[in-house]
Amino acid sequence: MTELSIQGLYKRYGAVEVLTDINLNVRSGEFTVFVGPSGCGKSTLLRMVCGLDEVSAGTLAIDGEIVNDVPPSKRGIAMVFQTYALYPHMTVAENMGYALKLAGEDKGLIAERVRRAAEILKIESYLDRKPRQLSGGQRQRVAIGRAIVREPKIFLFDEPLSNLDAALRVDMRMEFARLKERLGTTMIYVTHDQVEAMTLADKIVVMSEGRIEQVGSPLDLYRAPENRFVAGFIGSPKMNFMPVTGQGDGRLQVPGGTIDIPAEIDASRVVEVGIRPEHMQIGLADENTLRGNVMTAEHLGSDTFAYVEIEGLERPVMVRLDGEHTIQTGDPVDVGFATRSVHLFDSDGLALRRQKVSNAA
Amino acid sequence: MLDLSTTTAKVVFIGIALLIGFFLFFPVYWTLASSLKADAELYQITPTPWPKAPTLDHYRTALTEGQLPKLLGNSLLVSISSATFNATLATYAGYSFAKYRYFGRKPVMMFMLSAQMFPFGLLLITIYPMFVEWNLLDTRLGLILSYIVFALPVATYMIYSYFSQVPNELIEAARADGASDLRIFHTIVLPISIPPIVTVFLYSFMWSWNDLLYSLTLIVSDEKRTVAPGLLLTYLNETNADWGGAMAASLMAATPVVLGFMFLQRFFIQGVTAGAVK
C-alpha cells in the first residue's frame, strides 16, 4: 500500500514563491495527473516528490514516512523525464539496469528484471542499441523501462509525451493506460495537455500560479468545476464565458439574451456565466436563447464548430455541432441551451452551485 | 546586394584565399626547402626558389650529432604532463562552474579568466621569484606548473561552455537512480565529454610544446632543456647560425603537433564548435 501525502507544502526561490500551501493525498494505485498551464508549478511539485528540489516548508510523506530529506534513490520512486534523459553512452539494457547496478544488485537479477521490463514495453529487440539509434517513441519506452526495472512504489512522469508527434502521442497514451492496468502501481503524471489528463487520470489535480485549483475525477472537474479557471481549463473546445449585464425575475441578462437560473441561487452574486460549446445548439428552441450572427464555421467532418458573434461580446461564442450541420457564414441564428448546463461564477471567480445537481446528466 | 555567384566574385574570392594561403604556407615551404638545401646553396646571395640538389644531410646531422632526440623527449614529457594536468584541472573546475551554484562562483571564474589578460612575460616576472623561493627553478615540475598560466583559464572556460550544455535532466536522472555526485561525473558526464576534454588537452599541449619564453627562462640545465629553446641555443646562437640544421630540426619538432592534430582534428573541431549549433 503506497500513499503519498503532501501537507502545507511551499517552494520558494529567494523571494519568489513557486508553490503555495499545497495539500494533497494520493491513494495507493491511483493514477494522478497534475495539470495546468506552463509555469503553474506542476513540474516543480513533481520534482519535489522525486527529491530533486528541496522542500521550503511543509511535509512530504510516502507511506506515512516523512521523506523531505530522503535522497531520491531511497524514496522508492522512479521518474521518467520529459527529455527521457537516457545515458547516451550506454546501451538500452545498461540504461535500464543502471539504478540496480548502483544499488549493488546481482547481475543475474538485473538481467532478469531488464528482460521482464523490456517484454512489457516490447523493446526486447533493441536492448543492445544505443539511445541515438532509437526513434522518439522507442526512447520513450526505454525511459519508462528504466523506471519499471526499479520496481518503484510510485512512478513519476514529467510531461512524457510532449516530445512526440501527435500520432505517436495517441499511441503512447494508450500505452500508458495499458501500463496502468498492468502494473497497478501508484502513478503521478504531469502534463499541460488536458486531453491527456482527462483520458488517463483517476484523479486530476488542476494547478495554476503555484496553487491547487481543484482536485477530482475527470468527470467531476468537467461537470462541476469549482471556479472559473478550472471551468476554462478543463474541456476542449473551451467553455464560453459571458459577463452578466443585469438581472430581474430570476433571469440574468447577458449580451444577446437572457438566462434562466435556479431559484435558490442569489442572482445578484452572479457576475459571469459559462456554457460549454457542446451544450449549445443552433436553430432549436431551448430554455434559453441568445441572438447572434455566424461569423465563421469550421467543418471538421466529425464536428462543425460555429463561431457566433453576439453584440456586446468581445469574443464570438463557439458552438459545437455535429458534422452534418451545414451553416452559412453571416446567417442570423438563435443559440439555445438548457439552464442546467449553465455555470455561474461570482466576482471572485468561484462557481455558484445549485443545492443539488438537478439532473444526473 | 553583393552577388556571390558571379564569375568576378569567384575570382576575387579565390584570389584572396590563395593570397592568404600563400602568406600562411610560404614560411612552411621555405623551412622545408631550406632544410633540403646543401649549405653552399643555402648561403648564396640570391636564394634559389627550390633545392637544386635536395639532400637529407641536415636531418641526418640533427638526429645523430645534435641533441634533438633528447630535446624532443624532454618536450614530450613536459607537454604531455602539463596537458594532462591542465585538462584534469580544467575538467573538474569547468564542471563545478557549470553545474553547481555556490557563493563566489562567478567572481572566481572571472578572476581566473583575467589571468589571461596579462602578458605572459609579465606573469613570468612574478613566477620567477616564487619558483626560486620554492626550489622549483630548473625543474620539470616547475615548468609544468608554470604552463597553467597559458592554458588553464581558457581550457576551463572551453570545458565550462560544454558542460553548460549537458542537460541537467541527465544528471538528475542519474541522481534519482542513486548515483553520488562524483559517480555521476565519472560514469555519466565524463564518458560523453571526450571531445571537449581531448580539445583542451590538445590546446594545452600546443601551448607547452610551442613555448619558448618560459622554458628558456625557467630551465637552465642542458639535460632538461625542451625543444624550442634547445633549437635556438644549438643552431642560432651568438657564434653559430646553422640555418639548414635549424630548419630541419624545426620541421621535426613541429611534426608531433601536426600529426596529433591531423589524427585528432575531428575531435578538436567537434570540441571547439560543440554547442554552437543545437
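Just so it is clear: chains get the letters A, B, ... in the order the sequence lines come, proteins before strands, and each one is counted from 1.
With a 4.5 angstrom heavy-atom cutoff, A/Leu86 touches chain B only via backbone atoms. Looking at B/Thr187, the atoms closer than 4.5 Å to chain A (heavy atoms on both sides) sit in the backbone and in the side chain alike. Only the side chain of A/Arg146 comes within less than 4.5 Å of a heavy atom of chain B; its backbone N, CA, C and O stay farther away.
In this structure a side-chain-to-backbone donor-acceptor pair under 3.5 Å is present from A/Tyr87 to B/Ala174. Side chain of B/Glu172 to main chain of A/Leu52: no donor-acceptor pair is present (N/O by atom type, distance under 3.5 Å, no hydrogens or angles).
Applying the 6.0 Å contact sphere to OH of B/Tyr102 captures more than 12 heavy atoms from other residues, nucleotides or ligands. More than 12 heavy atoms of other residues, nucleotides or ligands lie within 6.0 Å of CD in A/Glu17, so this atom counts as buried by the packing criterion. Within a 6.0 Å sphere centred on OH of B/Tyr100, heavy atoms belonging to other residues, nucleotides or ligands number more than 12. Under a cut-off of 6.0 angstrom, the local environment of CZ in B/Phe97 is crowded, with over 12 non-hydrogen atoms contributed by other residues, nucleotides or ligands. A/Asp165 CG: more than 12 foreign heavy atoms inside a 6.0 Å radius.
Among the candidates A/Asp158, A/Ile77, A/Thr83, the residue making the largest number of heavy-atom pairs closer than 4.5 Å to chain B is A/Thr83.
Considering all non-hydrogen atoms of both residues, A/Ala85 and B/Glu169 come closest at CB-O, 3.5 Å. Residue B/Gly178 comes nearest to A/Ser73 through the heavy atom pair CA-CB, 3.2 Å, listed as atom of the first residue, atom of the second, then distance.
Ionic pairing of A/Lys101 and B/Asp177 is not present here: no N-O contact between side-chain nitrogen and carboxylate oxygen is shorter than 4.0 angstrom.
The distance from atom CZ of B/Arg175 to atom CE of A/Met79, rounded to the nearest 0.5 Å, is 12.5 Å.
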